[in-house]
Amino acid sequence: MLFGKKSVGLKTVDFDHLPQHIAIIMDGNGRWAKRRHIPRSGGHAAGAETFRNIATYAKEIGLRYLTVYAFSTENWKRPKDEVDAIMRLLHNYLEEALRDMEKNQIHMAFFGDLTPLDPELRALCEKVESTSRKYVQCNVHICLNYGGRDEIMHAARSFAADCTAGKKRPEELTEALFDSYLYTKGVPDPDLIIRPSGEQRLSNFLLWQAAYAEFYFTDVCWPDFKKEHLLNAIRAYQLRQRRFGGT
Ligand code: FPP
């Protein structure tokens, strides 16, 4: 864990006041691969490596929550070989995470509807989640078959079902109660959302939770995203004034 203010190049990051929760849209793998004349799956493989490094570094600096967008509800539209390659990378990563769990000490969990996944991958997700639950200091969430609208609809349906069953009444619904029906239940909203690759949109990511998030965009594609890019984003965040609708 890092403490105090540290200079990164000419810039200073205050490690005592890190954002509690950083969420990242891991974008630009395809363009990174295209520039190198390699298949898109090569870009995703490089992206998976970046994720490993950033998750390890997040733990090292004492970040409490890191969430990454790995596969959206819309990504099924991609060619089958690309979808298969991403699922394989996830599978390999999770096997590795199980093996290295004691060394890494990271709680890993998933946001999204895992039911359409291959049963073996789903079982692996469940095993990683349950066996890493004891590591509460650093929590890494992977959004998998995740969509913000899908999440909100799923929550609305579950609440409606509880009303029909007589367990809840419509008039008791508050933001806090609605939160408890989301995939992200119990996890604080992201303070900072980072999107690399030059794109500046949310793409159905954490729609409800992003209400007061700060945004950071960089032109660097995800496979080229390094510790210093994360620190640049944190530093930019630390220079912002968050008012949450107040003055
Ligand atoms: C977006 O870039 C990236 C994805 C849809 C997949 C992300 C998956 C990984 C990084 C690998 C597996 C993840 C883990 C956590 C091990 P894009 O393909 O849309 O890039 P482009 O916009 O340049 O085409």
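Note that these values count all heavy atoms, side chains included, but never hydrogens, waters or copies made by symmetry. All ligand and atom numbering here is 1-based and tracks the order in the structure. Since this is a predicted model, take the numbers as computed values, not measurements.
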(request) Just let me know how Thr50 lines up against ligand 1, side chain, backbone, both or neither, with a heavy-atom cut-off below 4.0 Å. (result) neither
Donor-acceptor pairs under 3.5 Å, side chain of residues 143-150 to any protein atom, not counting sequence neighbours: which ones?
unit_1: Asn145; atom_1: OD1; unit_2: Trp76; atom_2: NE1; d: 2.9
unit_1: Asn145; atom_1: ND2; unit_2: Asp113; atom_2: O; d: 2.7
unit_1: Tyr146; atom_1: OH; unit_2: Glu151; atom_2: OE1; d: 2.6
unit_1: Tyr146; atom_1: OH; unit_2: Leu206; atom_2: N; d: 3.2
unit_1: Asp150; atom_1: OD2; unit_2: Tyr183; atom_2: OH; d: 3.4

(request) For atom 8 (C) of ligand 1, grab the closest protein heavy atom and report residue, atom and distance to one decimal in Å. (result) Ala70 O, 3.7 Å
(request) Run the numbers for me: atoms of ligand 1, each under 4.0 Å from some heavy atom of Phe51, listed by number. (result) 15 (C)
(request) Please work out whether the ring planes of Phe51 and Tyr93 are parallel, tilted or perpendicular, with thresholds of 30° and 60°. (result) perpendicular
(request) Just jot down the ligand 1 atoms closer than 4.0 angstrom to any heavy atom of Met26, in number order. (result) 1 (C), 2 (O), 3 (C), 10 (C)
(message) If only side-chain N and O atoms count, and only distance matters, is there a donor-acceptor pair under 3.5 Å linking His21 with Asp191?
(response) no
(request) Could you check Arg201 against Glu199 for salt bridge (Lys or Arg N to Asp or Glu O under 4.0 Å), going step by step and ending with a plain yes or no? (result) CA-CA 6 Å; Arg201 55 179 174 269; Glu199 306 294 350; 3.1 Å; yes
(request) Number the atoms of ligand 1 from 1 as they appear, then name those within less than 4.0 Å of a heavy atom of Gly30, with their elements. (result) 17 (P), 18 (O), 20 (O), 21 (P), 23 (O), 24 (O)
(request) Would you kindly confirm whether Ile54 and Leu18 end up in one hydrophobic cluster when ILVMFWY residues are joined by side chain heavy atoms under 4.5 Å apart? (result) yes
(request) Give yes or no for whether the N/O distance cutoff of 3.5 Å, strictly under, is met between Arg40 and ligand 1. (result) yes
(message) For Cys125 versus Leu94, what's the shortest heavy-atom pair and its separation?
(response) SG-CD1, 3.8 Å
(request) Examine Leu89 against ligand 1 and note whether any of their N/O atoms are separated by less than 3.5 Å. (result) no
(request) Please confirm whether Tyr93 comes within less than 3.5 Å of ligand 1 when only nitrogen or oxygen atoms on both sides are compared. (result) no
(request) Distance to 0.1 Å, residue and atom name: give those for the protein heavy atom nearest to atom 4 (C) of ligand 1. (result) His44 CE1, 3.8 Å
(request) Can you figure out which of Arg78, Arg31, Glu82 has its heavy atom closest to atom 18 (O) of ligand 1? (result) Arg78
(message) When you measure from the heavy atoms of Gly28 to every atom of ligand 1, does any distance fall below 4.0 Å?
(response) yes
(request) Please confirm whether Asp27 comes under 4.0 Å of ligand 1, counting heavy atoms of the residue only. (result) yes
(request) Starting from atom 13 (C) of ligand 1, locate the nearest protein heavy atom and write down its residue, its atom name and how far away it is, to 0.1 Å. (result) Leu90 CD2, 3.9 Å
(request) Using salt bridge (charged side-chain N to carboxylate O under 4.0 Å, His left out) as the criterion, list what pairs up with Glu96, not counting sequence neighbours. (result) Arg52
(request) Specify the protein heavy atom at minimum distance from atom 10 (C) of ligand 1: its residue, its atom name, and the distance to 0.1 Å. (result) Asn29 ND2, 3.5 Å
(request) Apply side-chain hydrogen bond (donor to acceptor under 3.5 Å, both in side chains) to Ser197 and Arg31, showing your working. (result) CA-CA 8 Å; Ser197 90; Arg31 276 162 288 165; 2.9 Å; yes
(request) Taking Gln20 for its side chain and Arg64 for its backbone only, find out whether a donor-acceptor pair lies under 3.5 Å. (result) no
(message) Suppose we measure from atom 5 (C) of ligand 1 to each protein heavy atom; which comes out shortest, and what is that distance?
(response) Asn75 OD1, 3.5 Å
(request) Hey, can you tell me if His229 and Phe225 have their rings parallel, tilted or perpendicular (30° and 60° cut-offs)? (result) tilted
